[in-house]
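Comments concern the structure below.
Ligands are counted one by one from 1 in listed order, and the atoms in each one are counted from 1 as well. Note that the structure is predicted; figures quoted are calculated from it, not measured.
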Amino acid sequence: MSEHGKRDLVSIEDLSTAEILELFHHADEFRANLHAWSDLCRGAIMATLFFEPSTRTRLSFESSMLRLGGGVITAADEKSTSRAKGESLADTVRVVGGSYADILVVRHPEDGAARVAARYARVPVINGGDGAHEHPTQTLCDLYTLWQEKGRLEGLEVVLCGDLRYSRTIHSFCYALARFGANIVTMPYPGFELPEYVLQRLRRDYGVQAATASVGDLPGLAGSSNAAAYLTASKPHQLALFTKLTKVEVNRIDAIYMTRAQRERHEGQDTSNYPRLTRSTMGAAATKDARVMHPLPRVDEIDYDLDDDPRSIYFRQAELGVPMRMALMAYLLGKIQLRAERPKLLSVMPGLQSGIGLRCRNERCITNNEGVRYLQREFRLIDEVSPLVLSCCYCGREVEARFIGHSQSRIVYRHNAAEARRIKASNRVYFESEEQALAAGFTAHAS
Ligand code: CP
């Protein structure tokens, strides 16, 4: 719940596992007859603010709202908006998410932008993809499709292939797979491995353990397979057993999730040997019952002659985006209710107002880009063991704080000093280093 008393979907963590399952059942109802719901959201207006290209996300949201009986206003190209004249995201959503629209869907190139939109708009905000951060509604569509195909998510063996570094769909999908108890096999193209901050979050929040994975011969993916890792959110009673394993043999694959190289988010890294899924890949014994998934758009990662293979479900993922997004919007607009409990730890949390000393280490974070003009950098404390770990309230990237200053006395202490522990939370200013504190005008405590 945000400060405006509304519900946003910025991260897949904003929905509990039980809520997601309940939304699947609502999506089933919508899907049974897409034409039967034109009174449900009559009178509601959705605005799509897309500052990056999109086909599926924007059009499926617009289709969903029209099928629910509502109206749509859209900014599909940033050049046609006042952003081209320098208007901030915060000002745009204040205006559009005021009297213009009842719900916003926002796509933006900077990590953490959706959280900014949620903070400044008075109406629910849905993240349609923010930089390399998250794409939670794609994950809802992916999970829903896989759940329909396999009848469950727990215990599935899901191979993630290609660009795992810059793909926001992968990041949201990983968090959700771990939460649902699916096992993840990562097969990144070299240089495009799952980022350390995603792995850290998987370890911290889901107790995910990593081992080397052996997936046998998957022709076309071989360039990636030597880096394969097996990630599993083991149940506590399995942990002791699992930590003894150094290699997991994966003989049955339930899904191969392929991604394109996100060229718009990296600086010309060589992708000439990028993996390519072919009929030959899908001839391997381990893939007999595997589903081929892709968030689309496809470039060259999946051969077109796999399209009519019954195991290929990438167009189904896009198709099910409509009933899934109908269910989500009907819920956020208060037109359907969920019985399930909300997540205990919503990702919208009050920032540490005095966290001004820290700077997010993610250069793509909105706090280091357009937000420099108007955002206060905010962090939440996620681990109080030594050293302190905080995460950026916008993009979620973690940072270690080794020094704590007093906002009144402007004296800075090592984080584990007795004086530091006595500073009230509201007076604390966190720093990564003493140099950072001195540069902010603080004086080092003479110990
Ligand atoms: N999967 C996805 O986000 O597609 P678009 O970029 O076309 O919206």
Short side-chain donor-acceptor distance under 3.5 Å, E370 and S88: no
Under 3.5 Å, is there a donor on one side chain and an acceptor on the other for D303 and T278? no
Tell me the protein heavy atom at minimum distance from atom 4 (O) of ligand 1, and give that distance in Å. R56 NE, 3.1 Å
In terms of residue, atom name and distance, what is the protein heavy atom nearest to atom 6 (O) of ligand 1? R107 NH1, 2.9 Å
Would R165 and D163 pass as an ion pair if we require N to O under 4.0 Å? no
Look at R168 together with E52 and state whether they make a salt bridge at an N to O cut-off of under 4.0 Å. yes
What do you reckon, does H135 put a non-hydrogen atom under 4.0 Å from ligand 1? yes
Residue part near ligand 1, for L296, under 4.0 Å between non-hydrogen atoms: backbone
Is the distance between the ring centroids of F173 and Y257 less than 6.0 Å? yes
Is any N or O atom of P297, backbone or side chain, closer than 3.5 Å to an N or O atom of ligand 1? no
T57 heavy atoms within 4.0 Å reach ligand 1 at atoms 2 (C), 3 (O), 4 (O), 5 (P), 8 (O)
Counting from 1 in the order shown, the ligand 1 atoms closer than 4.0 Å to a non-hydrogen atom of T55 are 5 (P), 7 (O), 8 (O)
According to the interplanar angle, ranging from 0 to 90°, do the rings of F192 and H266 count as parallel (below 30°), tilted (30 to 60°) or perpendicular (above 60°)? perpendicular
